[in-house]
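Just so it is clear, the values below take in all heavy atoms, side chains as well, and ignore hydrogens, waters and symmetry mates. Numbering starts at 1 and runs along the sequence shown. Start at 1 and go down the list; that is how both ligands and their atoms are numbered.
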Amino acid sequence: MMTYEQVKELLTEKDQMQLLKYYDELDENGKKNLLTAIANIDWSFEEDLKNPVDMSGKGRDIRPISGLRQAEIQRRKAEFEEIGIQAIKEGKVAAVLLAGGMGTRLGVDGPKGAYDIGVTKPLYIFEQQMKNLMEVVDKCGVFVPLYIMTSDKNHDQTTSFWKEHGYFGYPETAVKFFKQDMAPAVDFNGKIYLEKKDTPALSPNGNGGWFSSLKRAGLCEDLHEKGVEWLNIYAVDNVLQRIADPVFVGATIESGVNCGAKVICKTEPKEKVGVICMDGNQPDIIEYYELTDEMANQKDEDGNLAYCYGAIMNYLFRLEKLEEIVNKKIPVHIVEKKIECVGEDGISRKPDKENGKKFETLAVDLIKPMGSVLPFEVVREKEFAPIKNKTGVDSVESARELLKKNGVEL
Ligand code: UTP
């Protein structure tokens, strides 16, 4: 542990002395908390602030990427499914649930997956996703090992929720939890906020670091022992998420790529989704605001939009390649957010508007270092019901409608 003197020296050098503003008021425990938290801060954000990644898309050689469309998937479904089922049966596929986010837009305390979307009876987001996974388990006759990423902010609540609910019918031994890393949240001048008088404001560092966190938690050995070769990562907020989908697994394996990405096809040129593309000879993602009008409207030889593959946070990654690229740096996105902090009056509260910046990496940025990707089209109404907000677009309401359309009783 660092002493007060050492911490003071460090913070003076970093010009972050505001973190010790309330030190003298704290009790022994509070002092210890604060010193330990400061000693554990990951300072790489300083470099990210100094040299923000260029998000303008300039200087890139963006081109359309080819992918598997529904027509072809349907035609070759039996072939893909057989390959996928075989791989799952042989234990080569594991699932990784990314549930370390804060779900600020939904605005509920606690893990997003513990949110009850039921109407006449409780139905938790985690529960609905596990029902989807159980369909694959029943078909293949094996439990797909499941790894769940949490963060310091929701770990204890998440693990106790799963325990309370009997792991939603899954064997406890097939489920493992690991925590992602945290990054400081700063004001517009780069000063780290205090969330409480004895706690610097830290928040989950985005979903892009999931593999390095899994590795740090010692779970790569576990994957190797089990003979896992593919990791299917998925977001907690899509209640129509198909996990370890044998057809998707089979198509990805058969195509020889390092990564498969479930995508929805854009319905109109200006739809606000990032799309998978090529940058020179590497796969990449281009955000909707980076697409020129000409690119947005460009058609392929079949008359479809050339830039149409919107990623939905369901990827299948080849483990061997992930291990090879784990130390490569991926872009850190600096995003303006509402950060809970101690005000002038010494009281902590959440602001009503953005008051600073957080640092996040994104899972989609891993597809570039993966080197190759297969966009795999899914039917939007069947597989994409994201819950980001309480009402309106991508909300609890819209997800309920989509669940009903898919025959789920609420
Ligand atoms: P979002 O980008 O929607 O973020 O996450 P969020 O934190 O859940 O919600 P907002 O932006 O605060 O409203 C997409 C997926 O990535 C996971 C989330 O749990 C969700 O499954 N995620 C996000 C992480 O696992 N870690 C993070 O640091 C951020």
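Paired with Asp245 under the rule salt bridge (charged side-chain N to carboxylate O under 4.0 Å, His left out), one option of Lys382, Lys262, Lys77 passes, and it is Lys262. Partner of Lys388 under the side-chain hydrogen bond (donor to acceptor under 3.5 Å, both in side chains) criterion, chosen from Asn238, Asp237, Asp394: Asp237.
Gln74 and Gln70 share a side-chain donor-acceptor pair at under 3.5 Å. Counted by atom type alone, Glu164 and Ser160 present zero donor-acceptor pairs between their side chains at under 3.5 Å. When only modelled atom types and interatomic distance are considered, Gln241 and Asn314 share a side-chain donor-acceptor pair under 3.5 Å.
Atom numbering of ligand 1 starts at 1 in the shown order; those under 4.0 Å from a heavy atom of Gly206 are 26 (N), 27 (C), 28 (O), 29 (C). Near Met149, meaning under 4.0 Å from one of its heavy atoms, ligand 1 places the atoms 25 (O). Less than 4.0 angstrom separates some heavy atom of Asp237 from each of these atoms of ligand 1: 3 (O), 14 (C), 20 (C). Under a 4.0 Å criterion applied to the non-hydrogen atoms of Gly100, ligand 1 contributes the atoms 19 (O), 24 (C), 25 (O), 26 (N). Listed by number with element, the atoms of ligand 1 under 4.0 angstrom from any heavy atom of Met313 are 15 (C), 16 (O). Near Lys337, with a cut-off below 4.0 Å to any heavy atom, the atoms of ligand 1 are 11 (O). Heavy-atom proximity to Ala235, at under 4.0 Å, picks out these atoms of ligand 1: 15 (C), 21 (O).
In terms of protein heavy-atom proximity, atom 3 (O) of ligand 1 is closest to Lys388 NZ, 2.6 Å. With hydrogens left out, the protein atom closest to atom 20 (C) of ligand 1 is Leu98 O, 3.7 Å, a heavy atom. Scanning the protein for heavy atoms near atom 8 (O) of ligand 1, the closest one is Gly103 N, 3.6 Å. The nearest protein atom to atom 16 (O) of ligand 1, hydrogens excluded, is given as Asn207 ND2, 3.0 Å; this is a heavy-atom distance. At the top of the distance list for atom 4 (O) of ligand 1, counting protein heavy atoms only, stands Arg105 NH2, 4.1 Å. For atom 26 (N) of ligand 1, the nearest protein heavy atom (residue, atom name, distance) is Gln180 OE1, 2.6 Å. Considering only non-hydrogen protein atoms, atom 7 (O) of ligand 1 sits nearest to Met102 N, 2.9 Å. With respect to atom 23 (C) of ligand 1, the closest heavy atom belonging to the protein is Gly101 CA, 3.6 Å.
With sequence neighbours excluded, the residues satisfying salt bridge (charged side-chain N to carboxylate O under 4.0 Å, His left out) with Arg242 are Glu135.
Aromatic ring centroids of Trp210 and Tyr147 lie 6.0 Å or more apart. The ring of Phe317 has its center closer than 6.0 angstrom to the ring center of Tyr315.
No more than 12 heavy-atom neighbours from other residues, nucleotides or ligands sit within 6.0 angstrom of CD on Glu9.
Every heavy atom of Glu360 sits 4.0 Å or more from the atoms of ligand 1.
Among residues at least two apart or in separate chains, ring pair (Phe, Tyr, Trp, His ring centres under 6.0 Å) pairs with a member in residues 92-132 are Tyr124-Phe161, Tyr124-His165, Phe126-Trp162.
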